[in-house]
Amino acid sequence: MTTRVIIVDDQAMVRAGFAALLAAQSDIDVVGEAPDGAQGVELSRRTRPDVVLMDVRMPEMDGLEAARRLLSPPPEVTHRPRVLMLTTFDVDDYVYEALRAGASGFLLKDAPPADLISAVRVVASGDALLAPSVTRRLIADFARQRPVTRGKPALRLKALTERETEVLTLVARGRSNAEIASTLVLAEQTVKTHVSRVLTKLDLRDRAQAVVFAYESGLVAPGE
């Protein structure tokens, strides 16, 4: 199955380089490029890609606002792509907000080519790009700067079983399904089922949002 991708970045050379790299993969089809967030949203509505590579800082409309519009579209728009944020900085407030909005992760622009290709495949498969330790640090850094929300997010935790709460805690600490399975002495498929139930009960789209929710609800404290 081919993954359809669009690239949204205000630097033409970046778009061209990423497009050439991805188009060379037999399972990836680059279906369009856009120089700013507004045109990126329009292009996504028209081409219906599986994954949008979205630069954080752009003129006209930045990547954060574009991600919000793609991931929380008006009722008449049914298509919601996966959004992978691109950034020059390893700690970026815009990226944190994009994860809250539902982006599936982020990637540094100077990452090795193999990382970009792998990131597109990971995000297209429905998972979140949370493996790099820099992602956990980014979320922890900005969670530390915000007061823990003891209201609705904390109350929503009551919907989870004890086991589901354990799984969410380990997800928030950056553990993979295999690592969670080893820690809790469960089958990996059982862990996947628990993760799926956590996302459903908390109305979260993927692991990226689950990590942010765990910090903001107070389930996991920065630096733990």
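These numbers were taken from a predicted model, which means no experiment stands behind them. Just the heavy atoms: all of them, side chains too, but no hydrogens, waters or symmetry mates, feed the values below.
At distances below 3.5 Å, at least one donor-acceptor pair connects side-chain atoms of Ser125 with backbone N or O atoms of Val122. When atom types are taken as modelled, the side chain of Gln25 and the backbone of Leu21 share a donor-acceptor pair closer than 3.5 angstrom.
In terms of heavy atoms, Arg57 sits closest to Asp55 at O-OD2, 3.0 Å. In terms of heavy-atom proximity, Ala19 sits nearest to Val30 at O-CG2, 3.8 Å. The two residues Ala103 and Met85 make their nearest non-hydrogen contact at CB-CG, 4.0 Å. The minimum heavy-atom distance between Asp62 and Val56, with the atom names listed, is CB-O, 3.5 Å. Heavy atoms only, all atoms of each residue included: Arg15 and Ala34 are closest at CD-O, 3.4 Å. Residues Val31 and Pro49 approach most closely at CG2-CB, 4.4 Å, considering heavy atoms.
In this structure, Asp110 places its CG atom where more than 12 heavy-atom neighbours from other residues, nucleotides or ligands lie under 6.0 Å away.
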Output, in order, the C-alpha distance, side-chain angles, deciding distance and verdict of salt bridge (Lys or Arg N to Asp or Glu O under 4.0 Å) for Asp50 and Arg82.
-> CA-CA 6 Å; Asp50 301 299; Arg82 298 279 172 177; over 6 Å; no
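Among Leu86, Leu70, Leu84, the one residue that satisfies the side chain to side chain contact (heavy atoms under 4.5 Å, CB included) test with Met54 is Leu70. Exactly one residue among Leu160, Val198, Leu170, Leu157 makes a side chain to side chain contact (heavy atoms under 4.5 Å, CB included) with Thr165. That residue is Leu160.
Looking at Val5 and Val120, their side chains come closer than 4.5 Å, going by heavy atoms from C-beta outward. Side-chain contact between Leu202 and Leu168: present, with at least one pair of heavy atoms (C-beta onward) separated by less than 4.5 Å. Taking the side chain as every heavy atom from C-beta outward, Pro35 and Met58 never approach each other to under 4.5 Å. In this structure the side chain of Leu22 never reaches within 4.5 angstrom of the side chain of Asp29, judged on heavy atoms. Contact check for Arg45 versus His79: no side-chain heavy atoms found under the 4.5 Å cut-off. In this structure, the side chains of Ser44 and Ile6 come closer than 4.5 Å at one or more pairs of heavy atoms. With a 4.5 Å cut-off on side-chain heavy atoms, Gln39 and Glu60 do not count as touching.
Rounding to the nearest 0.5 Å gives a distance of 10.5 Å between CG of Leu53 and CD of Glu33. To the nearest 0.5 angstrom, Leu184 atom CG is 5.0 Å from Leu186 atom CG. With values rounded to the nearest 0.5 angstrom, Ser196 atom OG is found 11.0 Å from Lys201 atom NZ. Annotation: the span from Glu179 atom CD to Arg173 atom CZ amounts to 13.0 Å, rounded to 0.5 Å. Glu164 contributes atom CD, which lies 10.5 Å from atom OG1 of Thr193 (distance to the nearest 0.5 angstrom). One finds the NZ atom of Lys192 at 6.5 Å from the CG atom of Asn177 (value rounded to the nearest 0.5 Å).
With sequence neighbours excluded, no residue forms a side chain to side chain contact (heavy atoms under 4.5 Å, CB included) with Ala114.
For residues 1-10, every residue pair satisfying the side chain to side chain donor-acceptor pair (under 3.5 Å) rule, not counting sequence neighbours, is listed here: Asp9-Lys109.
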